[in-house]
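Have a look at the structure below, then the notes.
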Amino acid sequence: MNFTDFFANRSSVRAFSDKEISAETLEKLISASSHAPNTGNMQLYSVIATLDPEKKKQVAALHFNQPAALGCSILLTFCTDTRRFEKWCEQGKTESSLNNFGGFFMSMMDACLFAQQFVTLAELEGLGTCFLGTVAYDVKGFSKLLGLPQGVVPLVGLAVGYPASPAKPSDRLPIEAILHYETFSDYTPEDIERFYAEKEALPENPKFISENNKETLAQVYAQVRYPKHLNEKIETDYADILGFKTKK
């Protein structure tokens with residue numbers, strides 16, 4: 001297999017077949033994914049696998065009943081987890097040093113690396129996946145539904161299953177928009193126009209702009225899809241569940 005081509009042509013899958021994923025396959029993938037890089041070999045993450053049909057409906061509802069969440073074989077919720085380390089410290093006659101933003105930051109990196117490793121291995125196994133960022137929209141709801149204790153924080157969801165059909169790769173920014181040599185090169189207006197030209201030229205986007213009564217695609221993203229008030233709510237909710245203070 002040409003792995004460069006594999007990654008260049010991969011895509012998120014939102015429509016799945018009825019074929020179920022075996023427990024053996026899931027555990028094999030989780031075990032292999034646990035070898036992802038992590039902070040100090042502490043593995044500051046956990047993952048909740050939701051397989052029961054009724055429970056999946058409840059979790060999918062928190063994901064706004066997205067088709068991927070409703071139709072997948074397994075719903076995974078990747079969590080930051082400093083609780084396990086804290087328990088280990090208690091038994092090791094010391095106090096945890098991770099009950100702070102630094103600990104959350106490290107556990108967030110660990111959980112993201114673990115989740116991405118799972119995605120890659122799952123797709124190499126012939127499965128389809130779709131990240132669900134909607135966990136952040138109701139972090140307290142996910143925590144309650146999944147029975148998460150203090151120190152375990154839901155970060156991102158993942159719909160997993162066998163693809164119903166091949167999915168089309170999503171558009172991506174050109175490499176020159178991402179790669180900087182030696183020092184950061186700030187973006188000129190001409191750069192921005194060039195970098196986003198392909199995205200803005202996609203046939204579905206004019207309709208997208210019109211339906212939302214906006215003038216530009218940037219307005220749709222900044223004012224409709226990811227508005228400031230929603231991001232501020234996410235900040236407040238995470239700070240609240242972690243016991244951190246935020247700016248007023």
Side-chain angles (χ1 to χ4, degrees), residues 12 14 21 26-27 29-30 33-34 36-39 42-88 96 98-122 129-161 225-227 229-246:
S12 295
R14 293 177 174 82
I21 300 171
L26 174 62
E27 291 176 10
L29 291 171
I30 291 292
S33 301
S34 71
N38 64 89
T39 305
M42 291 185 289
Q43 296 180 257
L44 303 172
Y45 53 73
S46 287
V47 58
I48 310 299
T50 305
L51 296 86
D52 177 77
E54 288 305 313
K55 188 76 170 188
K56 275 201 295 182
K57 288 180 182 178
Q58 295 176 45
V59 178
L62 293 178
H63 285 297
F64 304 106
N65 289 320
Q66 296 178 63
L70 288 169
C72 66
S73 177
I74 299 174
L75 267 174
L76 297 178
T77 306
F78 291 89
C79 306
T80 69
D81 185 352
T82 57
R83 185 177 183 83
R84 187 173 56 243
F85 178 81
E86 181 178 354
K87 294 287 186 179
W88 182 49
S96 171
L98 301 181
N99 298 326
N100 45 58
F101 181 78
F104 176 64
F105 182 76
M106 288 188 285
S107 62
M108 184 171 60
M109 288 193 297
D110 284 9
C112 287
L113 289 167
F114 173 57
Q116 181 54 50
Q117 186 105 322
F118 179 90
V119 164
T120 297
L121 291 169
T129 67
C130 181
F131 272 119
L132 304 169
T134 35
V135 169
Y137 297 168
D138 191 3
V139 61
K140 294 180 182 178
F142 279 95
S143 294
K144 182 178 179 180
L145 180 61
L146 299 176
L148 305 183
Q150 186 72 31
V152 181
V153 181
L155 188 63
V156 67
L158 187 74
V160 190
R225 295 193 66 184
Y226 306 101
H229 71 85
L230 175 61
N231 292 321
E232 289 177 340
K233 179 183 182 300
I234 291 172
E235 176 190 9
T236 301
D237 286 349
Y238 271 106
D240 188 32
I241 201 169
L242 290 162
F244 298 155
K245 292 182 178 180
T246 58

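Computed from heavy atoms alone, side chains included, the values below leave out hydrogens, waters and symmetry copies.
Residue pairs satisfying the side-chain hydrogen bond (donor to acceptor under 3.5 Å, both in side chains) criterion with at least one member in residues 101-122, sequence neighbours excluded, are listed as follows: T39-D110, Q116-T120. Pairs of residues two or more places apart, or lying in two chains, that qualify as salt bridge (charged side-chain N to carboxylate O under 4.0 Å, His left out) and include a residue from residues 59-87 are D81-R84. For the salt bridge (charged side-chain N to carboxylate O under 4.0 Å, His left out) condition, the pairs that include at least one residue of residues 135-160, sequence neighbours left out, are K140-D240.
The side-chain contact (heavy atoms from CB on, under 4.5 Å) test with V47 singles out one residue from T77, L155, I30, and that residue is I30. When the options L146, L145, L75 are evaluated for a side-chain contact (heavy atoms from CB on, under 4.5 Å) with Q58, the one that passes is L145.
To the nearest 0.5 Å, the span separating CG on L44 from CG on N38 amounts to 7.0 Å. Interatomic distance, OG1 of T82 versus CD of Q150, reported as 8.0 Å (0.5 Å rounding). The structure places CE of M106 at 11.0 Å from CZ of F101, a figure rounded to the nearest 0.5 Å. A distance of 8.0 Å separates CG in L51 from CG in L76, rounded to the nearest 0.5 Å. Interatomic distance, CD1 of I21 versus CD1 of I74, reported as 4.0 Å (0.5 Å rounding). Rounding to the nearest 0.5 angstrom, the gap separating the CG atom in L29 from the CZ atom in F118 is 5.0 Å.
Heavy atoms only, all atoms of each residue included: Y238 and P154 are closest at OH-O, 2.8 Å. Closest approach of A69 and A159 over heavy atoms only: N-CB, 4.4 Å.
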Can I get a per-line list of side-chain donor-acceptor pairs under 3.5 Å for residues 129-137, giving both atom names and the distance, sequence neighbours left out?
unit_1 : atom_1 : unit_2 : atom_2 : d
T129   : OG1    : E123   : OE2    : 2.8
T134   : OG1    : H63    : ND1    : 2.6
T134   : OG1    : Q66    : NE2    : 3.0

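Scanning for ring-ring contact (aromatic ring centres under 6.0 Å, His included) contacts around F114 gives Y45, F78, with sequence neighbours left out. With sequence neighbours left out, K55 forms a salt bridge (charged side-chain N to carboxylate O under 4.0 Å, His left out) with no residue at all.
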